[in-house]
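First up is the structure itself, then whatever we jot down about it.
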Amino acid sequence: MAAQKLTKGRFIQIIIMLTLLVVAFFWRTYTYDMSKKVTCDLQQSCSFYVNGTEFIAAKTADNIDIVTSNSDWEIQTEAVNSKANNSWQVQLVNIKSKESYKRELIFSNKE
């Protein structure tokens with residue numbers, strides 16, 4: 001293949017494409033939402049850890065109860081949604097650090 005001289009137009013095209021790829025990479029990295037799944041058995045309560053703090057979840061008739069001994073955490077009630085009868089999206093917020101964590105709690109029937 002014969003070598004061609006790099007023209008000004010081709011150079012600008014390469015720079016624009018490289019810039020778009022870098023911006024897309026950083027945008028995807030910045031907006032990435034790492035939602036973790038926690039699978040629980042309906043016969044007992046389920047414990048899971050978020051940033052070193054233990055949470056205990058138990059399913060009642062139509063709700064889930066989530067408790068922790070650490071008072072630095074709150075559950076945003078508008079972020080708790082029942083996607084189905086056995087799956088819940090929960091958003092936990094650390095009051096001191098203002099960090100937010102999402103967890104999906106899946107309650108399964110083990111018999």
Side-chain angles (χ1 to χ4, degrees):
M1 174 183 256
Q4 296 179 356
K5 185 176 179 180
L6 182 61
T7 64
K8 186 176 181 180
R10 183 70 175 150
F11 178 72
I12 291 173
Q13 182 183 13
I14 291 171
I15 295 299
I16 289 172
M17 290 305 296
L18 182 62
T19 304
L20 285 174
L21 289 173
V22 169
V23 167
F25 172 77
F26 281 109
W27 177 259
R28 179 65 178 125
T29 301
Y30 180 72
T31 61
Y32 179 70
D33 181 22
M34 190 172 78
S35 179
K36 294 186 178 179
K37 293 183 180 182
V38 178
T39 303
C40 299
D41 183 10
L42 278 178
Q43 306 301 325
Q44 58 189 354
S45 63
C46 175
S47 66
F48 60 95
Y49 290 87
V50 176
N51 203 18
T53 303
E54 181 181 24
F55 291 86
I56 300 173
K59 187 172 185 218
T60 60
D62 292 329
N63 295 326
I64 56 170
D65 295 326
I66 301 174
V67 294
T68 184
S69 60
N70 190 338
S71 62
D72 294 339
W73 290 86
E74 71 177 10
I75 300 170
Q76 294 184 349
T77 55
E78 65 271 9
V80 178
N81 299 322
S82 176
K83 289 175 27 178
N85 289 337
N86 63 345
S87 180
W88 296 74
Q89 291 285 333
V90 179
Q91 186 164 359
L92 306 163
V93 179
N94 188 321
I95 298 169
K96 288 185 177 179
S97 67
K98 304 293 185 201
E99 292 178 333
S100 177
Y101 300 89
K102 290 183 181 178
R103 295 295 182 264
E104 182 178 359
L105 300 177
I106 301 170
F107 291 91
S108 62
N109 288 324
K110 281 191 175 180
E111 297 179 17

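As a basis for the values below, the full set of heavy atoms in this structure was taken, side chains included, without hydrogen atoms, waters or symmetry mates. What you are looking at is a predicted structure, and each value in this text was computed from that prediction instead of being measured.
Asn51 places a side-chain heavy atom less than 4.5 Å from the side chain of Trp73. The shortest side-chain heavy-atom distance between Leu92 and Thr53 does not fall under the 4.5 Å cut-off.
Checked by atom type and distance alone, the side chain of Ser100 never pairs as donor or acceptor with a backbone atom of Val93 at under 3.5 Å.
In this structure, CD1 in Ile14 is found 11.0 Å from CD1 in Ile16, a value given to the nearest 0.5 Å. Atoms CG and CG, on Asn94 and Asn70 in that order, are 7.5 Å from each other to the nearest 0.5 Å. Rounded to the nearest 0.5 angstrom, Tyr101 OH and Phe55 CZ are separated by 10.0 Å. In this structure, Ile56 CD1 and Thr68 OG1 are separated by 7.5 Å, a value rounded to the nearest 0.5 Å. One finds the OG1 atom of Thr7 at 8.5 Å from the CD atom of Gln13 (value rounded to the nearest 0.5 Å).
Pairing each heavy atom of Ala57 with each of Ile66, the nearest pair is CB-CG1, 4.1 Å. In terms of heavy atoms, Val50 sits closest to Arg103 at CG2-NE, 3.8 Å.
In terms of hydrophobic clustering, with Ile, Leu, Val, Met, Phe, Trp and Tyr side chains grouped at heavy-atom distances under 4.5 Å, Leu20 and Ile12 are assigned to a common cluster.
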